[in-house]
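Report on the structure given below.
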Amino acid sequence: MQKSGVLPSFSLAERSRRSVWHPCTQMQKHASFPIVALGRGEGAWLFDEKGTPYLDAISSWWTNLFGHAHPYINAALKEQLDTLEHAMLAGFTHEPVVRLSERLSDMTGGVLGHCFYASDGASAVEIALKMSVHAWRNENRPDKREFVCLRGSYHGETIGALSVTDVPLFRQEYEALLRAVHIVPAPDTRGESKKASLPKGTDEALQVVEALFSSRADHIAALIIEPLVQCAAGFVMHEPLYVRGLRQLCDRFHVHLIADEIAVGCGRTGTFFACEQAGIWPDFMCLSKGISGGYLPLSLVMTRDEIYSLFYDESLYRGFLHSHSYTGNPLACRAALATLDLFDRERILEKNRRTAQVLTDALDAVRAHEHVRHFRCRGMIWAFEVDLPEPDEAARFPQHFFAAALRQGLLLRPIGNTVYLLPPYVVAEREIDMLAERLPRVLKEVLAA
Ligand SMILES: *Cc1c(COP(=O)(O)O)cnc(C)c1O
């Protein structure tokens with residue numbers, strides 16, 4: 001063993017391959033395809049060690065809202081670092097966690113009055129599921145402990161969250177660990193669905209939920225949905241009316257509605273919360289990813305005070321028994337506060353409407369491309385399917401596309417044959433032009449292969 005533990009003759013990418021187990025990756029592929037070793041980030045750009053720039057067109061797995069190394073968020077974090085970096089939240093509190101809870105609650109008009117904190121999205125989903133079942137127990141309804149999720153849904157990969165996830169790739173090998181759930185069809189605005197079993201319409205999809213609730217609501221605790229866009233399902237979009245219809249059914253049959261806004265929240269679909277477009281509030285709202293501006297692991301579950309009060313009692317066991325060491329971390333909350341400041345100061349939702357129009361217009365040639373199908377967008381999300389000439393191309397497509405995009409200086413990572421753009425809100429017009437110019441080149445290279 002060398003004293004330093006560092007082997008200077010290997011590149012950073014190679015040292016990573018030898019020591020880091022990368023997420024969502026068959027590590028063997030990195031025997032031939034090198035990992036990209038990053039040096040730094042600035043604005044919408046990531047730079048590798050040698051300084052090669054990549055436009056971060058997917059906001060670093062949908063987390064980054066205002067670009068990398070944003071001066072305002074950086075300054076807030078530096079100040080927080082010298083004030084209070086972390087302390088336990090049981091029995092203690094601090095300004096950033098209180099302020100963040102107040103601000104978020106205000107943004108729901110006070111309907112979702114309390115915030116419970118964790119560090120990652122999957123944990124927020126676990127919390128919402130546990131809270132729902134515990135709330136029903138506290139209401140003397142212990143039989144209500146089943147969950148409903150949508151076909152193709154993604155809510156995270158811990159065991160509880162994976163149970164309400166319907167993506168075969170993530171589930172298959174862990175099926176034996178998971179609890180049974182009810183899966184209902186997801187409406188799909190693409191009209192023609194990939195699978196014939198998917199009804200396209202909002203009404204048909206709501207009728208299935210109604211039939212399920214009619215027979216089973218006594219046992220169902222909650223329905224969980226990613227409102228407006230099922231992102232990891234391949235950016236499957238539905239009408240706000242569907243979410244509205246679900247709210248009505250949940251009210252009628254006494255089932256909790258959990259809105260997983262981990263990806264679609266924080267302005268991504270055009271409103272701060274996706275639920276706003278449906279004109280409803282859920283019983284539980286999960287946020288993560290963008291809430292800290294893409295800076296630090298932070299997640300939270302907002303809930304109604306009526307539900308909160310079901311836990312408010314002399315008995316410890318009626319309280320919500322759940323904790324994570326880094327619950328309400330002050331640095332992460334401070335990053336979130338700075339992120340909310342930027343929404344206000346720079347009128348981001350309004351600005352994004354203009355950006356979205358510019359980007360949609362710039363993508364005219366992509367939309368018209370002979371191999372592009374179902375071009376769609378909502379807010380700051382764009383997606384389309386690529387028609388592959390050879391069916392056996394499908395398995396290799398995401399990696400091919402990713403590699404071809406890197407060669408064009410773009411960070412893009414398709415899901416199956418669905419290509420999507422989810423740029424940070426700071427993406428500038430010249431960067432949009434660059435994206436629009438290089439995307440057809442990527443398509444050309446991949447389709448020629
Ligand atoms: C990313 C994501 C999660 C899981 O969040 P992690 O922080 O990756 O655990 C859950 N739900 C949705 C909708 C997501 O996009």
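These figures come from a predicted structure and were not determined experimentally. Whatever order the structure lists ligands and atoms in, that order sets their numbers, starting from 1.
- Enumerated by chain and number, the residues approaching ligand 1 to less than 4.0 Å through a heavy atom are W62, D120, G121, A122, Y154, H155, G156, E226, D260, I262, A263, K289.
- A salt bridge does not link R353 with E350: every distance from a Lys NZ or Arg NE/NH1/NH2 to an Asp or Glu carboxylate oxygen is 4.0 Å or more.
- Taking 4.0 Å as the cut-off between side-chain N and carboxylate O, E95 and R334 do not count as a salt-bridged pair.
- The residues E210 and R252 are annotated as salt-bridged, a charged nitrogen and a carboxylate oxygen being separated by less than 4.0 angstrom.
- Taken to the nearest 0.5 Å, the CZ atom of R378 stands 8.0 Å off from the NE2 atom of H238.
- With respect to R103 and D341, a salt bridge is recorded, a charged nitrogen being found less than 4.0 Å from a carboxylate O.
- Between H322 and H324, the gap from one ring centroid to the other is short of 6.0 Å.
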